[in-house]
4 protein chains.
Amino acid sequence: MSGTKSGTKREGDSKAGSSPGATRPRRRQARGEARIAQLLDAAADVFSSTGYTAASTNAIAREAGVSPGTLYQFFPNKEAIAIELGDRLLNRWQETYGAAFVLSHIELPLDEMLDAILDPLITFNVENPAFSVLMHGSEIPGVITQEHDTVHATMLTRVESILAGYLTELPAGQVSRIANMAFVIFKTGLDLIMAHEGDERDAYVKELKTILFRYLEPLVGASALPDSACPKSCEA
Amino acid sequence: MSGTKSGTKREGDSKAGSSPGATRPRRRQARGEARIAQLLDAAADVFSSTGYTAASTNAIAREAGVSPGTLYQFFPNKEAIAIELGDRLLNRWQETYGAAFVLSHIELPLDEMLDAILDPLITFNVENPAFSVLMHGSEIPGVITQEHDTVHATMLTRVESILAGYLTELPAGQVSRIANMAFVIFKTGLDLIMAHEGDERDAYVKELKTILFRYLEPLVGASALPDSACPKSCEA
Amino acid sequence: MSGTKSGTKREGDSKAGSSPGATRPRRRQARGEARIAQLLDAAADVFSSTGYTAASTNAIAREAGVSPGTLYQFFPNKEAIAIELGDRLLNRWQETYGAAFVLSHIELPLDEMLDAILDPLITFNVENPAFSVLMHGSEIPGVITQEHDTVHATMLTRVESILAGYLTELPAGQVSRIANMAFVIFKTGLDLIMAHEGDERDAYVKELKTILFRYLEPLVGASALPDSACPKSCEA
Amino acid sequence: MSGTKSGTKREGDSKAGSSPGATRPRRRQARGEARIAQLLDAAADVFSSTGYTAASTNAIAREAGVSPGTLYQFFPNKEAIAIELGDRLLNRWQETYGAAFVLSHIELPLDEMLDAILDPLITFNVENPAFSVLMHGSEIPGVITQEHDTVHATMLTRVESILAGYLTELPAGQVSRIANMAFVIFKTGLDLIMAHEGDERDAYVKELKTILFRYLEPLVGASALPDSACPKSCEA
DNA sequence: GATGAATGAGGATTCATTCAT
DNA sequence: TATGAATGAATCCTCATTCAT
């Protein structure tokens, strides 16, 4: 909840609170924050059930139980909603699982690292399906629509920096490429996972880990991974 | 499966085929056939530059240089365009690279098989970017919109049947899962490939092959792949 | 079949046949006549199942199994089709039941006259549902759209002239009014009749006759109709 | 049955009725309520001048002086407009003439009842020509398009229940048939009335009453109507 | 004559966004 | 703030009609 940027507001309220009398604006802010949360929750629902393009601002407002006008009081346009939602989800992720994670893991062997990263991330996506919608950049592949791609970009960066800790022998360009690949694999794998349930879902999770492990393992460190173990559950 | 015709015409003309290669009804069709091709080309353009959902029939007509009415003379709706375009691309692919391919390859070692399949397929997609748009099913992930998903379904089936020849030890359910995974990996990898050019593109191609090889190789045959070679160009 | 006007043609073929060499044009005419009949049959179908306004020329052409262009080779527009169809149905009616009928009946008592007129007319409408569509003038009531209202006008005139033979004591204006009333009653009654089947239909027929009989009977001749009998089947 | 509300609004506003006559949510509605009235007036105009089918939502919006979008803010489609308009007209009729009417009249002799019912109803239709458009159900006869036929259905029910009070000797099925007949006669008669003006209109009114009286009178009560009088003004 | 292609205006409907209150 | 009204361009699609062959 801290660290929310909400940076897309027109002008008005920005960073009010440094000056005295901060309490009254606070309360207003509070109502506003509630509205924003409401709207973002609605947007998450709508995005995840119809996709970004098909999501209409009217639908979001309706889902949030407010008028379209109210929505535009907080967001200048549809994209800003996606951006803010992405920010919040990113934060929520970091707060929930990420904090501990960003720093460490580098010591972990690849398989454990994959477990440590993928499991919470998958869980988070299952619980916040909008996240996966936003992780996919624009719906038209290959086109980076400078829009709500913060989630995409942030996650990619994260992946890259994590991998950089493992692929120490490789030149930056190649690490970047591998990170891109690993990330898109994760994203589609995730779609497949989320499209299934129960045992089938679990099986897809296992499969995804296997793929990534086998892809990355030979590249790790001095490429010397003698007892190349699969992650926790790598079936023959 | 091959030889799909336009199929979207009303009915009517019929009975004009008493003699083989009847030319009378053809002459009329000529202009129409040309228009259809024109429209499908336009649709391919529009689909690949905006995606299926965002593609408007008016935009397709405009791109084709005809009026909206003309488009609807040949296609009852946007989906029919996608379906027909998919059919044509599928056919074109099969005619160009596929014929020789469907039957054989089973004898090839995995790495050669990947080269043999992926290279032409990537080339084909680069030359026909709409194909990759159609290969991705519906844009909202997890939802199979039985619509224009023929391309998706056909390709997936193909992948499955090819893999079945390699993953002889595995139960059907798992083969299916692996095929799904391999296919989505291919699709996203392809997006990444198409989003780049020149050496970078080549590098991504190599990367994609590596991923698939490493994923599948341990699963092949008796799982006994002693000298696990990468495809042609598997870099350390 | 004689007496067809087909008067809406552009120019061309009109009344060719008076000059020698009539046979060849005849044959052409024959094909043309067949097409026209085909188109009018189709139009009758479409009109009676969707109404005039909703009927599309394309639908008529399709139903006739010809191209739109062909339709317009014979009729300058949709209305002309209705007009010609009306003419033909009017003629068909006259030929079938009407010939004998126009002249006589005046001697018949009202009830018998109603039977003699209504029964064949109802039968004819049941067999040619388009007739009733055309009998109703324009679909927007109260507006006489100089269009295909020939059927309407002709039938009304017919009604008027028949009634004039019975309502000998009344001034013209009133006869006209009564004819109008009787005619619209007939038309709606007919709709009701055609909307039902079997016994229910028969019951509605009886009801319609009753209405008209009771309406007209007091007005007949010297208004001296002592034993005011209902038509054949006037139930208590 | 009475008291039908607008009903076409989303939902939302709600809970604004804790205190009676809450004014807050009303003020917003004021403009909207006015627009709705405006749109319905426009719809009435358009419906009565072109008929329901030919009436376009764009035409209605234009007539109302608003943009198409505004129309759709209040009505989801053309039919909803017809329904709401029908409801309003039905209510208006009931409020104006109907209240006193529904209950009583049963004691009146047939001729007075006809006067008592038809006169106000005709006046109302003359003042609200759209009412007659809606009273006619679907424009293609014989087809009940469950749509905006509330007016049709309601009026028919009314007719039926009134007649049931007079036709006490007849079985239900027959009363229903007679009601149907009487109603369609009224509707067409009304069209004829509305298509004329001044004395001619009055004459048609008289004629319509005569028809209905003569149709129904023999069926009334014990069928014993000795001195069969016409309504107020039954001319020889 | 016949065909089928072509047109373009028009119809219903949606939607991101703005405005008055 | 919040509302809901307002907009108008854009969407998909239809239809009467015309034109080239």
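All chains are named by letter (A, B, ...) in the order of the sequence lines, taking the proteins before the strands, and each is independently numbered beginning at 1. Just so it is clear, the model here is predicted, and its values are computed rather than measured.
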Between A:Phe75 and A:Thr57, does a side chain to side chain contact (heavy atoms under 4.5 Å, CB included) hold up when you go through it step by step?
CA-CA 10 Å; A:Phe75 301 99; A:Thr57 55; over 6 Å; no
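- Within the structure, every side-chain polar atom (N or O) of A:Tyr72 is placed at least 4.0 Å from both OP1 and OP2 of E:dT18.
- With a cut-off of 3.5 Å on both pairing distances, the Watson-Crick and G-U wobble pairs of DNA chain F assemble into stems of 3 or more at E:2-21 with F:2-21.
- For the pair A:Thr57 and D:Ala55, nearest-nucleotide mapping onto DNA chain E gives the more 5' position to D:Ala55.
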Please determine whether side chain to side chain contact (heavy atoms under 4.5 Å, CB included) holds for the pair B:Val66 and B:Gln73, giving the CA-CA distance in whole Å, both sets of side-chain angles, and the decisive distance to 0.1 Å.
CA-CA 11 Å; B:Val66 303; B:Gln73 201 111 37; over 6 Å; no
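- Each of C:Ala59 and B:Ala59 was matched to the nucleotide of DNA chain F holding its nearest heavy atom; the match closer to the 5' end belongs to B:Ala59.
- Screening C:Val46, C:Asn58, C:Leu39 against C:Glu63 for a side-chain contact (heavy atoms from CB on, under 4.5 Å) leaves a single residue, C:Val46.
- In this structure, the CG atom of B:Asn58 is 12 Å from the C1' atom of F:dA9, given to the nearest Å.
- The side chain of C:Lys78 lies closest to F:dT17, out of E:dA6, E:dA20, F:dT17.
- Between C:Glu79 atom CD and F:dC15 atom P there is a gap of 19 Å when expressed in whole angstrom units.
- Rounded to an integer number of Å, the gap from A:Leu39 CG to F:dT1 P is 12 Å.
- Taking atom CZ on C:Arg62 and atom C1' on F:dA16, their separation rounds to 13 Å, with Å as the unit.
- The minimum heavy-atom distance between B:Ala80 and B:Asn77, with the atom names listed, is N-OD1, 2.9 Å.
- For C:Asp41, there are no side chain to side chain contact (heavy atoms under 4.5 Å, CB included) partners, not counting sequence neighbours.
- Within the cation-pi definition used here (under 6.0 Å to the ring centroid, within 45° of the axis), C:Lys78 qualifies as a partner of C:Tyr52.
- When all heavy atoms of C:Ala130 and C:Ser48 are compared, the closest pair comes out as N-CB, 3.8 Å.
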Every protein N/O within reach of nucleotides 7-9 of chain E N/O, cut-off under 3.5 Å:
| unit_1 | atom_1 | unit_2 | atom_2 | d |
| --- | --- | --- | --- | --- |
| E:dT7 | OP2 | B:Ser67 | N | 3.2 |
| E:dT7 | OP2 | B:Thr70 | OG1 | 3.0 |

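- Between the CD atom of D:Glu33 and the P atom of F:dA6 there is a distance of 12 Å, rounded to whole Å.
- With sequence neighbours excluded, the residues forming a side chain to side chain contact (heavy atoms under 4.5 Å, CB included) with D:Ser67 are D:Thr70, listed by chain and number.
- In this structure, B:Ser56 reaches the F:dC12 phosphate: one of its side-chain N or O atoms is under 4.0 Å from OP1 or OP2.
- For C:Ala43, the side chain to side chain contact (heavy atoms under 4.5 Å, CB included) partners are C:Phe47, C:Ile60, C:Ile81, C:Leu85, not counting sequence neighbours.
- Here the C1' atom of nucleotide F:dC12 and the CG atom of D:Asn77 are 17 Å apart, to the nearest Å.
- Across the protein-nucleic acid pair, A:Ile36 atom CD1 and F:dA2 atom P stand 10 Å apart, rounded to whole Å.
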